[in-house]
Amino acid sequence: MTVYPAYKIGLLSGYPDGTFRPQETISRAQAVVMLTRLDSKMEELFPGEVTESEKKGMTDAVALFVRDVMDQKKIRRYDDLVAYVQQNKLNVSEAFLREHFSFMKYEIYDYVRFPQFNELLYFAKIGTSKYRLTVQYYAGEPGGSVDKTFYLSSTDGKTFRLIGKDE
């Protein structure tokens, strides 16, 4: 449990056999790799401030897309969703669609409860033009409490593109 947080954020990956070997000392090369990983994660670990107008823009971008797709258009198949996004030239990446809607490829369902965006919202600026919005909400009896994290990009802090985590 002591190395899990460092493993979870990608600072440590362990040995090829899946162990961490906490009693062994690390080599200089291993230390350099770990520090390099830490340096690349710094912006995500210590996010920048998000203004109220950026918060509103982020929330609106995600909420409007989800409501449009799930509630108004009632799109229930992944292929239909991709076609709808392409046809309407929506500001959404394929990686975003895969991360949040790939369940549509495999499941038959009537309704999946997405957040209403009036629940607990957490905002972070994790790069020069990259943002993260995490929503904590109750998804109903079968789902319980759920956290959904959305990533967005914006060059001006006003217009947001819905993107995948690694974009």
Side-chain angles (χ1 to χ4, degrees), residues 1-66 69 78 81-82 85 90-107 112-115 117 119-139 143-167:
M1 288 310 291
T2 58
V3 298
Y4 182 73
Y7 166 75
K8 185 72 175 162
I9 63 172
L11 296 181
L12 301 174
S13 58
Y15 289 90
D17 66 357
T19 63
F20 281 96
R21 304 179 194 163
Q23 303 306 321
E24 290 186 21
T25 58
I26 63 172
S27 70
R28 188 180 314 199
Q30 289 169 320
V32 167
V33 167
M34 189 169 63
L35 290 172
T36 302
R37 289 178 183 167
L38 178 61
D39 186 51
S40 71
K41 288 281 187 181
M42 287 304 285
E43 284 186 333
E44 188 172 343
L45 294 171
F46 301 100
E49 292 293 318
V50 180
T51 67
E52 289 303 316
S53 65
E54 288 172 323
K55 289 177 183 179
K56 181 175 178 357
M58 293 167 64
T59 305
D60 288 350
V62 180
L64 292 174
F65 179 78
V66 170
V69 167
Y78 186 79
L81 174 63
V82 171
V85 167
L90 300 179
N91 210 3
V92 178
S93 74
E94 277 193 47
F96 175 85
L97 296 177
R98 279 192 308 274
E99 286 176 23
H100 295 285
F101 295 94
S102 61
F103 66 88
M104 293 175 147
K105 293 179 182 180
Y106 311 107
E107 297 178 14
V112 170
R113 164 98 158 68
F114 268 81
F117 300 95
E119 293 96 348
L120 292 173
L121 302 174
Y122 305 95
F123 302 92
K125 187 170 187 176
I126 58 173
T128 308
S129 60
K130 189 172 180 180
Y131 298 80
R132 179 178 61 222
L133 166 61
T134 302
V135 185
Q136 187 176 26
Y137 67 103
Y138 182 68
S145 181
V146 176
D147 291 346
K148 273 210 174 292
T149 300
F150 302 96
Y151 291 86
L152 304 96
S153 66
S154 177
T155 55
D156 61 6
K158 297 174 186 164
T159 306
F160 289 89
R161 177 173 171 76
L162 307 177
I163 61 173
K165 178 180 181 178
D166 296 324
E167 290 187 273

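Worth knowing before you read on, the calculation uses all heavy atoms, side chains too, and leaves out hydrogens, waters and symmetry mates.
Within the 3.5 Å criterion, the main-chain N or O of Lys158 finds no donor-acceptor partner in the side chain of Lys56. Formation of a donor-acceptor pair under 3.5 Å by the Lys130 side chain with backbone atoms of Glu167 is found in this model. With His100 contributing its side chain and Gly164 its backbone, the two residues share no donor-acceptor pair below 3.5 Å. Between the side chain of Thr149 and the backbone N or O of Thr134 there is no donor-acceptor pair closer than 3.5 Å.
Contact between Met34 and Ile26 at its shortest, heavy atoms only, is CE-CD1, 4.3 Å. Minimum interatomic distance between Arg132 and Ile126 (heavy atoms only, all atoms of both residues): NH1-CG2, 3.7 Å.
For the pair Glu54/Tyr131, a side-chain contact is recorded, criterion being any heavy-atom separation below 4.5 Å from C-beta on.
For the side chain to side chain contact (heavy atoms under 4.5 Å, CB included) with Met58, the qualifying choice from Leu121, Leu162, Leu133 is Leu133, the only one to do so. Of the listed residues (Leu38, Asp39, Val32), just one forms a side chain to side chain contact (heavy atoms under 4.5 Å, CB included) with Thr36, and that residue is Val32.
Rounded to the nearest 0.5 Å, atoms CD (Glu99) and CD1 (Ile163) are 9.0 Å apart. Separating the OG1 atom in Thr155 from the CZ atom in Arg161 is a distance of 12.0 Å, to the nearest 0.5 Å. Note that the CG atom of Asp60 and the OG atom of Ser53 stand 11.0 Å from one another [nearest 0.5 Å]. To the nearest 0.5 Å, the span separating CG on Asn91 from OG on Ser153 amounts to 7.0 Å.
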Stepwise side-chain contact (heavy atoms from CB on, under 4.5 Å) check, Val62 with Phe160: CA-CA 9 Å; Val62 180; Phe160 289 89; over 6 Å; no

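Tyr78 meets the side-chain contact (heavy atoms from CB on, under 4.5 Å) test with Val82, Leu97, Arg98, Phe101, Met104, Lys105; sequence neighbours excluded.
Within a 6.0 Å radius of CD in Gln30, more than 12 heavy atoms belonging to other residues, nucleotides or ligands are found. Within a 6.0 Å radius of CZ in Arg21, other residues, nucleotides and ligands contribute more than 12 heavy atoms.
Classified by interplanar angle (parallel below 30°, tilted 30° to 60°, perpendicular above 60°), the ring pair Phe96/Phe150 is tilted.
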